[in-house]
Every structure is written in structure tokens, then in C-alpha cells.
2 protein chains.
Amino acid sequence: MDTLLAQPKQTFANLPPEKRESIVRAAVAEFAEQGYQRASLNSIVRRLGISKGSLYQYFDNKEALFLHVFDHFTQQVKRQVRESMAGNSPNDFFVAARQVLLAGIAFIDNHPEYFQVYLKVLFERDVPRREELVARVRLFSLEYFGPLADLAMGQGLLRNDIPVPKVVFILDAMLDRFLQGYAQPYLDGGLALAGMSAARLHEEIDSMVAVLRTGLQPSDIGDK
Amino acid sequence: MDTLLAQPKQTFANLPPEKRESIVRAAVAEFAEQGYQRASLNSIVRRLGISKGSLYQYFDNKEALFLHVFDHFTQQVKRQVRESMAGNSPNDFFVAARQVLLAGIAFIDNHPEYFQVYLKVLFERDVPRREELVARVRLFSLEYFGPLADLAMGQGLLRNDIPVPKVVFILDAMLDRFLQGYAQPYLDGGLALAGMSAARLHEEIDSMVAVLRTGLQPSDIGDK
DNA sequence: CCATAATATGACCAGGCGGTCACATTAGGA
DNA sequence: TCCTAATGTGACCGCCTGGTCATATTATGG
């Protein structure tokens, strides 16, 4: 599960770290812009000012380079989640949701290209090991919300006419789609999420989470 | 707004309808599988058993063919919406939402490839006139929900601490993401929406709309 | 200093692309 | 029947792709 998808060749490991990073950066940029199949190794080496032969000394082929990039991506996600959750593990289901959403926003702000790579993978066919890649990312959310929802349901904090997996789906879907709108401006329904001040964005998030809370809690619990 | 994006050459118009349709079908299939840039005219003519020269007698270039396909797509959407709404114009905001969702499901069932083309356009760059194309489709939903939401808000049927555009966004986002899950199995959070019986699917839709209703209505209105 | 191993290079390959065009085939009216 | 206009065809063009490899360059350590 945590195993790496692909390891670069030894030659790559021998490189000074800043060169390794610049190579990964260039590759991420290319995959973010073009997706997997349209991404061009020629374009990547052009960006880097190195020869194609060199790139093939570092990675077996295009697929290995891509999988290495995706490994970096999941590590960054993990790090961002850990950072955003640091210290406070919320017991309230919807406070947790809010936090995940903020983590997502922070991730897109910090690594917009990585998120584009992910979106491309979602909807492109013939991406190597696509299902596995997608599953790895989606699990971050599902594995996190699942237990929390179980707990909340047990405490009677979620309406019991909707099964837990459905609750998790609704929550996850809403957050996911919000992030799509944040990353892809014409999916924000004209709200201009991307150009918003942090304060306004937090208001949008809060009102959305409030809607989810009211919608998903039992009817006999008072509104906020 | 309703004008066509591109018209084929006269030669195409002179073709017998079934040939025109088979050409569009082949093109849709290719664009659905590969997106715009990766789609191959060679592959399309191979599917059809016609020569490449012929295709260029029908359309000026790849872009014109694609835009013609997209014109067909929007027409199909329009038809599906008209059909699904036939007769009953719901006065209840959330009944309307349910109906839009059902129309979306029906559309994906009837034209899965067209929906894939749309998803590809959403997340691929360098698609000709992408923003315009996306806007055309999204407007179906936004222009429909907007006035309904205005009305509902005026009647005090929506919580007044959330502005109408935000309400429309939340509703639209949830429906949109549900359809993504229906069309792209690993986006359904394990609910297996695609393989579901119609009856079960309707239950899922109903419970989701119920959540939206409870979440979006004023707190002083009783739950359903 | 030199031998050897590690790394860097870019010309080159086969194959695919969108697009063109000279030519072959067919259709229609006189 | 025959001339003309419309339609169909596929070899070909320049360009780009992922990938290879013989060769040049650099590092290393005895």
C-alpha cells in the first residue's frame, strides 16, 4: 500500500538533490499541462536543457518517470494532510470535514501542478496503473472519513436513515467538487473561488459545511 | 448563444442521413476515448472504412469535425432535458433538482460517449473554444436553477443566510459530482452507482436530494 | 598520469500525426 | 452517349513521438 510505484535508476539517485528536484519539477509541469499520453519527453528535456539520453539514464521509460512523479505527489499529499491536521484531531465530524477541505485548498495553493496531474489522471484513459493511482489518492479521504462517520453515527450525530457509506460519499463528493471548482475556474458556477481572499474563501467553506451539517445530522438536533 | 459552432461542408450535407450519422458516431467514439488532441483522424476513417480524403471533403479540419460533434452533443442534451421535463414544471426547487439529476442519468445511459467527451473537454487543455463549450453545457443547469432558486428564496423556502448563487453552486456541484460518480466508477466512493438497479439508484438520488433539502431550507421549516 | 567506470550526448529509427493533392470514380443533365 | 461537375482515394509531406546506441566527456582511485 505504501510501497513506491516505481524506482528511478541508480544514476538518478546519484544526482545532486537540486538537480533531481528540478527534473521532477519539469516533469510535473509537463504532465500537468498535457496529461500522460500527450506529455512529451522531448519537451521535458528541452525545459531542462539536458539531452534525451540523460533522461533515459535516470528512468527506464516514460511510464517510470510518470510513476515517480506520482509517488512524489502522494507523498506531498500525505505531508500536507499531516501538517493541516497537526495537533488537533477533531472529534466533530464536520469540523473534520472543514479541516480536510482547508487541507485541500492549501495543497492546491502549494502544488497547483500536482493537482492538475491528478485531475488529468482521473479522466484520461491509457494512463499506466490508473485505477491504482486514483485509489491511492481517494483512500486518503475515504479512510479518514469512514471511521469518523462510524463514530458519529454511533453517537447519534448523523441521521440514521442514510447508511454511513452514503454519508461519506456525499461529504467526499461535495468537498471534491468544491476543490474542482477551486482549481478549474469555470467549474465554480461563477463564484470566482480561485480569485477570492482567504477570508472570503473561509466563509464559503463554512457555509458549505454548515449546509452539510444541517443536511446530514438527525432532524431532532437543533440547528446551529 | 444557440448558433452552431461550426458547419460541415456542403458535401457532408449531401450525404444520406445514415452515413452522416455513422460518421458522427465514429467521431464521437474516438473523441470520447481519446479526448480532442489525442483523437486520431486516421483512426476515425479506419473505423468507417472511408479514406482520409473523404473526411476532408466533409469537414475543413479536425477542429471543425470536433465542433460539429459538440453541436450534436448540446442538441442531444437539450432534447433529453426537454423530454425529462415534459409536461410537469415542478414548483418545488428540490423536486426540480431531482428531475435534473434523473435527466442527467438518462442522458448518460442513452449517450455514454457524449458524456465522456464532455468530461474530457472539462479537463483537457488546448481544446478549441473550450471555455465556450463548457459554458454552453453548464448554462443548462445554472440558467435553470437560478430563477428557480430566486423564486424559492423569495418564498422563504431557502435559508436566507446563504446567497442564491451559492445555493445554486452547492446544488449544481452535488448533482454534477453525482453524475461523475455514475459515469466514472472509481469516483463513486464504492457505492457502485453504475451497476445499480434503477430502483436502488432512485433511492440514492432521493436520499441525496433529501440531504440537500434539509441542508438548504430555513431552519424553521420542519423536516420531511 | 593513466585506466576504467560512470555519465552525458544527439543523431537516428520506426511509427503516428494532421493535412494536401493529383488522380480515379461516379452521377446527372443534355 | 458524352461532357462536366461532384465525390472518393491513398500516397505523400513535414513534423513530432518514445526509445536506442555508438560515441564523447567526465570522475575516480591506484
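Everything numeric in this text was worked out from a predicted model, so none of it was measured. Order of the sequence lines sets the chain letters (A, B, ...), proteins ahead of strands, with each chain counted from 1.
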Discussion item. Is there a side-chain contact between Ser54(B) and the phosphate of dT9(D), meaning an N or O under 4.0 Å from OP1 or OP2?
Written reply: yes
Worksheet item: Would you call Phe145(B) and Ser141(B) a side-chain contact if the rule is heavy atoms closer than 4.5 Å?
Response: yes
Item to complete: Give the rounded distance in Å between these two atoms: CG of Asn61(B) and P of dT20(C).
Response: 8 Å
Worksheet entry | Exercise: do Gln37(B) and Gln37(A) side chains pair donor with acceptor under 3.5 Å | no
Item to complete: Taking all heavy atoms of Ser43(B) and all of Glu30(B), pick out the closest pair and write down the distance.
Response: OG-OE1, 2.8 Å
Practice prompt. Indicate, with a heavy-atom threshold strictly under 4.0 Å, whether Tyr58(A) touches base, sugar-phosphate, or nothing.
Written response: sugar-phosphate
Discussion item. Tell me the interatomic distance from Leu55(B), atom CG, to dT7(D), atom P, rounded to whole angstroms.
Written reply: 15 Å
Response to the item:
Nucleotide by nucleotide, nucleotides 20-30 of chain D touches protein heavy atoms under 4.0 Å in the pattern (B base, S sugar-phosphate only, - none) BB---------
Fill in: Matching residue for Glu33(A) among Lys120(A), Arg38(A), Arg47(A) - test: salt bridge (Lys or Arg N to Asp or Glu O under 4.0 Å)
Arg47(A)
Practice prompt. Might you point out which heavy atoms bring Leu191(B) and Met196(B) nearest each other, and give the distance in Å?
Written response: O-CE, 3.2 Å
Item to complete: Could you tell me the separation between the CZ atom of Phe59(B) and the P atom of dG8(D), rounded to a whole number of Å?
Response: 13 Å
Worksheet item: What orientation do Phe31(B) and Tyr36(B) show, parallel under 30°, tilted 30 to 60°, or perpendicular over 60°?
Response: parallel
Worksheet item: Closest approach of Ser54(B) and Ile50(B), non-hydrogen atoms and distance?
Response: CB-CD1, 4.2 Å
Item to complete: Specify whether Phe178(B) and Phe169(A) have parallel, tilted or perpendicular ring planes, treating 30° as the upper limit for parallel and 60° as the lower limit for perpendicular.
Response: perpendicular
Worksheet entry | d(CD1, Ile44(B); C1', dG16(C)) in whole Å | 15 Å
Discussion item. Tell me the closest heavy-atom pair linking Ala6(A) and Leu67(A), and the distance in Å.
Written reply: CB-CB, 3.7 Å
Item to complete: Assess the side chains of Asn14(A) and Tyr58(A): does a donor N or O sit below 3.5 Å from an acceptor N or O?
Response: no
Item to complete: Mind calculating the distance between CZ (Phe12(A)) and C1' (dA6(C)) to the nearest angstrom?
Response: 17 Å
Discussion item. Expected output is a numbered-order residue list: members of residues 30-43 of chain B with a heavy atom under 4.0 Å from any atom of DNA chain C. What is it?
Written reply: Ala39(B), Ser40(B), Leu41(B), Asn42(B)
Check nucleotides 4-6 of chain D for protein N or O atoms closer than 3.5 Å to its own N or O atoms and list the pairs.
none

Practice prompt. Report the distance from atom CG of Asp126(B) to atom P of dG18(C), rounded to the nearest whole Å.
Written response: 14 Å
Worksheet item: Could you give the CG-to-C1' distance, from Leu15(B) to dA27(C), as a whole number of Å?
Response: 14 Å
Worksheet item: What orientation do Tyr114(A) and Phe107(A) show, parallel under 30°, tilted 30 to 60°, or perpendicular over 60°?
Response: tilted
